[in-house]
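Presented below is the structure to which this report refers.
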Amino acid sequence: MNTKPIVLVVEDEPLLRLFATDMIEDAGFEVIDVANASEAIAILEGRPDVRIVFTDVNMPGGIDGIKLAVCIRNRWPPIAIIITSGKPWPLGVAVPHEAVFFSKPYRQDRIIGTLQSMAA
Amino acid sequence: MVLGTPEEQAFDDIVFIASQTCDAPIALISLLDTERQWFKARIGLDVTETPIDQSVCQIDIDQPGVLEIADLTQNARTSDNPLVTGDRAFRYYAGAPLKLRSGEVVGRLCVIDTHARPEGLGDNQKTLLSALARQASDHLELRRIARSSDRLAELQTALVQVGERIRDSADVTTMTRESSAIVGQVLDVSRAGFGLVDDEVTCIDVEPDWTAPGVASVAGRHRFEDYGAIRDHLARGEPLVIPDVLTDERTRDDPAAMRALGIGALVNMPVRQRGRTVAVLIVNAAARRIWLPEELTFLRSVADRLEAGVARLRAEQQQDMLNGEISHRLKNMLSMVQAIASQTLRDVPERAPVESFERRLVALSAAHDVLLQTSWADADLRVVAEAVVEAIGFGDRVHMNGPPISLGSRAALSFSLVMHELMTNACKYGALCREDGRVDVDWSVETASGEPQLVVRWRERGGPPVLAPTRRGFGSKLVRLGLVGTGGVELRYEPDGFKAELSASVRDLAQA
């Protein structure tokens, strides 16, 4: 029986997606990875067992990571969110409840620590 | 203009002397404009002005010398004048021109009798009348100069205020609205605004404008064509100066659009750039108005300054956007480097060097964030240091003290790497690995050796016993590169705590 918490990784850049996936798997999580927000929403609609979403901000396809985070907060309130970006967090926009922002490049130990406390 | 100003003793004296000298019951200083004559001073007459077509003074006004009409009832140009035919019964007239130094004739000093005087004035009387007229002209001139220099000073002050608003405004709307308010108030008009025009000079986008109480805004897009034949004028870059929209040839055919906006008179001052009209400063008055040359000069200066200010802001916004984009790409590239390194070194059993690499990369990236906030200009030393401490933690145990110091972009990057190594070492081996350990970071500028030197002192206290390292790793080499990458570093492994002293010339720091 699989008891690892499930993390959904949303990142359009393949190399960074691979990196994030390996990092999170090595830390003892199960990872589902997708390349944009629409795919992420499709996964969430079919998988009620996702605990955490780890998302980039700038992605093609109209919905960026910030909008995705707001959407998740409204539709799936229990899911915790980690948002990462090479851009600063936009001025005047509130970070959604139960979400954490990290600037890219991030320290792996910080991300893993945050994932572990979210899953606990 | 002196038109409409209160009576003054000097002018009253002049008409009194004229009346006595010429033995006439009526004497006037009459000032002429296009529609009326107005009496600056008068004796023997109960009206202060008349329509210009009832003015005897304006007859042959361009002729020098005294105009004398012995019997007004017998002269073709005055016989049907109501002042002659009516109760006032003017019969005799003699007037000397009031001529300013510029050559402009502004009216006449005249004497009037209710009896025809076929003998006319004597030579002496004529000479005296002319001399009195010159006196009156000088007084008029002095008053005009005084008034116009007061006005100039007022406009000059307003121009300085506009300059300050333009300099201090962080966005286009604030800049144009506040400048327009100053213009509108100093000119006492009903509306003032500024707008950029399109390439073909067909439309103007008016920024939020200033209006007098009760006057509607015209902010938004307007087509010049809708307001009369004004477009070509502006496209050529000529100021559009209209004292009366109902009579001006460019607007009189269809003044409805102007009247709907409550416009009686206007100035549109174009701003040119590379031979093209790019913007227009708009001033509207509710009633007819004569626009003075100094007011137009003032408006030209304001328009030029506003355009330069708006262009500056636009350029800054573009630069900020570009900086943000470059920074974003740079940080994505650093993320890719991190990902490649992490994947490449995945099977290396010793994890410490791999982690050190990642932390240094993140420290470099944090320094970029600080520089982005200042658009890659100078960054403050304390802000750079705090960004590093923030990324590593222990902010409550690292105490900083020193004056503001400006670091150039390269110095900011190398200082942040040095700070990062010192912090990492303190966490691993020094004061920060004990709960009650602390670090003091003090800096000051010292001028003892001539050229000002920045000295940064790092002192650890409360850590475990200090041991000098047996080999020099990359971290200690990084620290030894110092504040600008050229050394100036002294490290002391003293028993009570590790100390580092970093120095560099202030000039090198700002330029690096």
Side-chain angles (χ1 to χ4, degrees), chain A residues 7 9-29 31 33-36 54-61 64-67 82-93 95 100-117, chain B residues 170-171 317 320-349 351-375 387-388 390-393 416 420 423-424 427-428:
Chain A
V7 178
V9 171
V10 192
E11 166 68 65
D12 62 312
E13 170 55 48
L15 183 58
L16 297 182
R17 191 164 68 241
L18 182 68
F19 168 53
T21 301
D22 283 355
M23 166 182 75
I24 295 168
E25 279 178 355
D26 288 353
F29 296 84
V31 172
D33 63 297
V34 296
N36 60 54
F54 178 93
T55 182
D56 184 26
V57 170
N58 288 84
M59 293 180 292
D64 69 14
I66 295 173
K67 286 184 192 145
I82 293 179
I83 306 167
T84 71
S85 178
K87 285 186 181 171
W89 184 263
L91 286 175
V93 176
V95 179
V100 182
F101 176 77
F102 284 95
S103 183
K104 272 187 184 176
Y106 44 73
R107 279 175 53 174
Q108 297 188 55
D109 55 345
R110 291 281 167 85
I111 300 286
I112 290 163
T114 305
L115 285 169
Q116 282 164 347
S117 68
Chain B
D171 63 84
Q317 279 165 359
D320 283 353
M321 232 173 61
L322 197 63
N323 283 340
E325 188 54 33
I326 289 172
S327 166
H328 178 216
R329 283 169 190 230
L330 183 92
K331 294 186 70 183
N332 270 352
M333 191 54 74
L334 289 175
S335 303
M336 303 279 266
V337 170
Q338 177 189 26
I340 290 170
S342 174
Q343 295 294 322
T344 310
L345 305 174
R346 211 162 172 220
D347 299 327
V348 173
R351 299 314 297 166
V354 179
E355 283 163 17
S356 289
F357 170 77
E358 183 177 286
R359 286 173 189 201
R360 284 169 186 151
L361 198 72
V362 172
L364 196 61
S365 170
H368 276 280
D369 284 344
V370 171
L371 286 167
L372 175 65
Q373 283 159 18
T374 63
S375 298
V388 174
E390 162 91 2
I392 293 181
S416 74
H420 177 261
M423 280 297 289
T424 308
C427 294
K428 280 193 197 161

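All of these numbers come straight from a predicted model, not from anything done at the bench. A note on names: the letters A, B, ... follow the listed sequences, proteins ahead of strands, and every chain is numbered from 1.
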Quiz prompt | Chi angles and distances behind the side-chain contact (heavy atoms from CB on, under 4.5 Å) call for A/K104, B/L334 | solution = CA-CA 8 Å; A/K104 272 187 184 176; B/L334 289 175; over 6 Å; no
Self-check item: Test log, rule side-chain contact (heavy atoms from CB on, under 4.5 Å), inputs B/E355 and A/D109
Solution: CA-CA 9 Å; B/E355 283 163 17; A/D109 55 345; over 6 Å; no
Self-check item: Stepwise side-chain contact (heavy atoms from CB on, under 4.5 Å) check, B/K331 with A/S103
Solution: CA-CA 9 Å; B/K331 294 186 70 183; A/S103 183; 2.5 Å; yes
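Using a 4.5 Å cut-off between heavy atoms, B/R346 touches chain A through its side chain atoms alone.
One finds the CD atom of B/Q338 at 6.0 Å from the OH atom of A/Y106 (value rounded to the nearest 0.5 Å). With rounding to the nearest 0.5 angstrom, the CZ atom of A/R107 is 4.0 Å from the CZ atom of B/R359. Here A/M23 contributes atom CE and B/S342 contributes atom OG; the two are 8.5 Å apart, rounded to the nearest 0.5 Å.
A pairwise comparison of heavy atoms in A/L16 and B/S335 identifies CD2-O, 3.4 Å as the closest pair.
In terms of non-hydrogen atom pairs under 4.5 Å with chain A, the most contact-rich of B/L364, B/L361, B/V337, B/V362 is B/V362.
Environment of CZ in A/R110: crowded, with over 12 heavy atoms of neighbouring residues, nucleotides or ligands closer than 6.0 Å. Within 6.0 Å of CD on B/E325 lie more than 12 heavy atoms contributed by other residues, nucleotides or ligands.
The closest side-chain donor-acceptor pair between B/N332 and A/E13, if any, does not fall under 3.5 angstrom.
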